Amino acid sequence: MFDLRANENKWQQQWEKTKLHETDLQTAKNPFYNLMMFPYPSAEGLHMGNVFAYIGSDIYGRFKRLQGHDVFEPMGFDAFGIHSENYAIKVGIHPLELIPRNIENFRERQLKKLGVMFDWKHQVDTTDPKYYRWTQWIFLQLYKNNLAYKKKSAVNWCPSCLTVLANEQVVNGFCERCKTAITKKETEQWFFKITNYAQQLLDNLNWIDWSESTKIAQRRWIGRSEGLRISFPIADLKEQIEVFTTRPDTIFGATYLVLAPEHPLLGKLVTSEFEKEVNEYVQAAQRKTNIDRESIEKEKTGVFTGSYAINPANNEKIPIWISDYVLMTYGTGAIMAVPAHDQRDLDFANKYQLPVVEVIKGKEVFDKKTAYVDDGVLINSEAFNELSNREAIYKINAWLIGENKAKEEINYRLHDWCISRQRYWGPPIPIVYCSQCGTVPVPEEDLPVLLPEVEDFRPKGEGTSPLANIIEFVNTKCPKCHGEAKRETDVMDNFLDSAWYFFRYPSAHDDSQIFDQQLIKKWLPVDMYIGGNEHAVLHLMYTRFITMVFKDLGYINFEEPFVKFRAHGTIIKDGHKMSKSKGNVVNPDDHLEKYGTDSLRMYLMFLGPYQEGGDYSDSGIKGAKRFIERVYEYFSSVDAWEEKEFADHCNQELINLVHETIKNVTIDIEALKYNTAIAKIRSLYNYIEEKQVKNKMVGEIFIKLIAVFTPHLAEELWSLLKNEYSVFNYGWPEYDEAKIIIEKIEMVVQVNGKVRGRMEVASDISQKEMEAKALEIENVQKHVANKEIKKIIVIENKLVNIVVI
RNA sequence: GCAGGUGUGGCGAAAUUGGUAGACGCGCUAGACUUAGGAUCUAGUGUCCUAUGACAUGGGGGUUCAAGUCCCUCCACCUGCACCA
């Protein structure tokens with residue numbers, strides 16, 4: 001009996017000994033950078049999702065290697081961040097001790113067993129000072145180029161993680177990590193100006209070769225909308241309120257304004273009569289979580305400020321209200337309410353008895369309950385009456401702009417990236433505050449700003465990092481005037497660590513520079529990136545931003561990091577995502593031990609399309625193991641392989657099958673359709689076994705095809721056939737369309753689209769002969785009898801359809 | 001609510017993009033070998049059925065010689081985003 005585990009150990013050792021997977025980056029002639037998303041090393045170890053992702057990516061890498069590329073397939077650890085830190089807190093072990101232990105476990109006990117061709121010489125660990133020194137360096141470059149700034153604003157606050165979060169890390173109002181409801185907190189934070197790149201981030205989506213689902217998610221997240229910024233003068237005050245709208249055609253129906261409770265002009269607007277009510281409302285809004293505030297089920301509330309604005313279109317006096325359905329974070333934090341044509345405004349107007357003026361007439365009669373939001377003809381709009389609203393938009397825009405009452409504006413949903421974290425486990429922000437010189441960046445030669453060893457690394461929750469309590473860390477000298485100064489005590493968002501790691505892999509041990517320009521030129525952008533779509537608007541957005549910054553600062557000459565990105569699917573179990581609470585988690589270690597890596601690799605790739613994932617079943621993996629054992633038995637039982645050109649000595653059926661299989665498997669793997677590739681390889685094997693094929697060339701072709709899926713088995717079979725190590729140095733099989741000769745075809749004969757018979761015909765038969773032959777079939781005659789043949793449709797090599805009436 | 005996706009045997013899934021529905025597997029059934037089988041091998045396996053028949057790709061309708069595939073409509077589930085002005 002074939003011992004899969006022993007065989008795997010044997011070849012893994014051999015690979016390591018011969019450095020088969022170490023690519024010489026300098027001399028490589030045909031580079032292919034095959035990247036997969038690196039993991040954060042949790043103590044639980046790899047889960048089935050990681051395993052699925054890495055195996056799928058490795059198959060592509062092995063395929064490219066066999067096709068003759070020098071494949072660079074590095075791996076590293078995304079070990080900074082709240083996830084790692086929270087785990088350390090939970091188990092009560094300091095991250096400085098825990099994380100290296102986890103990394104060791106991940107690499108030695110798990111990743112190395114997957115049979116993936118990682119090049120460990122280029123391992124990267126984001127918590128290594130030699131790495132985060134460059135993360136800090138990146139911060140400094142952004143700072144020097146006005147792309148990093150500090151500002152006070154209402155930011156997302158997680159009351160459980162005790163830190164602020166970027167918008168991308170708030171999921172449905174909950175913390176991405178711990179699922180706690182997010183509140184708003186008014187504090188000073190560091191931001192990166194990702195919004196400077198909003199348009200470029202959007203435009204490039206038109207040409208990068210990424211999974212469509214990922215591109216759609218990014219487009220929506222960037223959320224470009226075109227409209228007008230209109231100024232509404234405030235009655236009795238020399239101020240203006242600016243609103244953003246995409247529907248200037250409805251301006252004559254704007255019957256009131258609504259400001260966000262945080263709006264800066266609010267103080268000036270509120271009349272003494274309404275002061276108490278307004279203050280109470282503002283305070284209540286501040287206390288609410290985003291969930292309470294942004295839930296659309298909730299009834300809208302608001303209060304009148306006592307002031308009025310002038311509608312610049314018709315000079316009507318309209319009241320100014322505040323409400324928390326208007327967000328300070330989008331547009332100008334103020335809207336013109338057009339209740340007749342916006343459902344939210346209508347609900348609000350009905351509740352507080354505000355006037356509703358219909359300005360666009362549609363087909364249906366407006367019932368004051370459902371806002372009319374479709375196209376129509378303008379009414380109650382003075383000079384613009386009877387225009388279609390599509391036309392009116394242009395005319396009203398031109399008029400308002402001409403009158404200096406508005407200007408065109410493009411708004412994005414995307415906000416600047418808040419990178420401050422009031423936590424311990426991250427790279428310190430390299431900034432010093434001096435009472436004389438103000439905010440001073442740490443000089444590049446003083447990097448890294450080392451993360452100090454702190455006994456109590458728990459977050460304190462006062463809006464400051466635990467580092468704020470370390471006097472030796474905080475107190476420092478100003479790099480400019482050498483006077484007393486204090487360090488910034490926040491650390492950087494973990495997503496910055498991972499936004500540039502693939503730039504570092506080729507230069508992983510270069511302490512003189514962030515990366516070697518020559519190597520970057522040779523190896524980047526990444527040829528193929530595979531990862532989970534949960535990072536569609538997080539990692540994959542930030543990493544594009546950082547790449548664009550590198551380009552603009554002159555470090556690289558490309559602006560998109562990944563030529564090709566593919567999102568893999570998720571592995572589910574019994575119809576649900578694997579999760580501890582559902583109790584359906586499959587531990588990959590057990591299955592690796594029991595069935596071997598090759599079985600697991602083959603099974604995972606076979607259970608569904610790679611980009612969709614699939615449902616894991618324990619029994620399915622047995623089938624893969626059975627297949628591997630059967631193949632081994634067959635190959636080892638052949639004592640004499642015929643060393644002949646198979647194309648000359650085999651029957652045409654086998655020749656056709658081999659060429660067709662090579663062709664289809666090549667196409668399928670390129671498209672990541674591993675499940676069907678495996679099905680076709682198995683079909684070929686079934687034929688080999690059934691017909692007891694012993695041609696050595698056919699055997700070798702089969703081994704190469706299966707090698708990407710079951711590399712250990714392939715090496716063993718390769719040596720069984722007395723070939724030289726390693727099969728991965730011997731190229732991907734070629735197919736030759738010309739060798740596929742079809743002499744006879746089985747054709748289906750239909751009568752009125754229903755199959756009534758089959759016939760075997762020579763491939764060079766004429767259409768007339770084919771028709772005649774079809775009509776000879778007894779069962780066909782039965783169905784054609786006494787009927788008039790209207791026409792006969794012949795599809796080459798497939799079928800004949802006789803249409804009768 | 002919006003966007004995207006999915007819906008095919010008992011199960012995971014295929015289907016050359018309009019041309020033989022169910023490839024390749026899992027499971028199951030029967031048989032062989034065996035002291036034994038949760039091992040292995042062989043055969044069978046969409047449903048109904050006397051079938052050379054009929055019916056079958058979430059439901060209904062349409063286009064076509066021909067529809068899982070195209071169009072209309074309805075339903076269910078999954079994933080994102082969600083008061084974005």
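In what follows, chains carry the letters A, B, and so on, assigned in the order in which the sequence lines appear, proteins first and then strands, with residues in each chain numbered from 1. What you are looking at is a predicted structure, and each value in this text was computed from that prediction instead of being measured. Quick note: numbers below take in every heavy atom, side chains included, and nothing from hydrogens, waters or symmetry partners.
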Would you classify B/G37 as syn or anti? Syn applies when the glycosidic angle is within 90° of 0. anti
Tell me whether A/R229 is salt-bridged to A/E408, with the criterion being a basic N under 4.0 Å from an acidic carboxylate O. no
Would you kindly give the CZ-to-P distance between A/R626 and B/U42, to the nearest whole Å? 11 Å
Please work out whether the ring planes of A/Y685 and A/F627 are parallel, tilted or perpendicular, with thresholds of 30° and 60°. perpendicular
Angle between ring planes, A/H341 versus A/Y372, binned at 30° and 60°: parallel, tilted or perpendicular? perpendicular
Would B/U47 be called syn or anti here, given the cut-off of 90° from 0? anti
Quick one: A/R229 CZ to B/C84 C1', roughly how many Å, whole number? 15 Å
Scan A/D345 against the nucleic acid and name what it touches under 4.0 Å (heavy atoms): base, sugar-phosphate only, or nothing. nothing
Rounded to whole Å, please give me the gap between CD1 in A/I251 and P in B/A85. 17 Å
When the distance from CD1 of A/I628 to C1' of B/C24 is rounded to whole Å, what number comes out? 15 Å
Restricting to nitrogen or oxygen on both sides, can you table the protein-nucleotides 60-66 of chain B pairs closer than 3.5 Å?
residue, atom, partner, partner atom, Å
B/C65, O2, A/N801, ND2, 2.6

Rounded distance (Å) that lies between atom C1' of B/A82 and atom CH2 of A/W221: 10 Å
Taking 4.0 angstrom as the limit, do A/K790 and A/E788 come out as a salt bridge? no
Write down the distance between CZ (A/R682) and P (B/C26), rounded to a whole number of angstrom. 6 Å
Assign the ring pair A/F565 / A/W210 to parallel, tilted or perpendicular, where the plane angle (0 to 90°) is split at 30° and 60°. tilted
Nucleotide nearest A/T246 (side chain, heavy atoms from C-beta), chosen from B/U20, B/C83, B/A85: B/A85
Listed nucleotide nearest any side-chain atom of A/N779, set B/A14, B/U20, B/G53: B/G53
Of the nucleotides B/C83, B/A23, B/C81, which has the atom closest to the A/A679 side chain? B/A23
A/Q343 CD to B/G1 P, straight-line distance once rounded to whole Å: 13 Å
Output field dot_bracket for RNA chain B (Watson-Crick or G-U, both distances under 3.5 Å, | for other-strand pairs) contains (((((((..(((......[....)))((((((.......))))))(((....)))..(((((..]....))))))))))))....
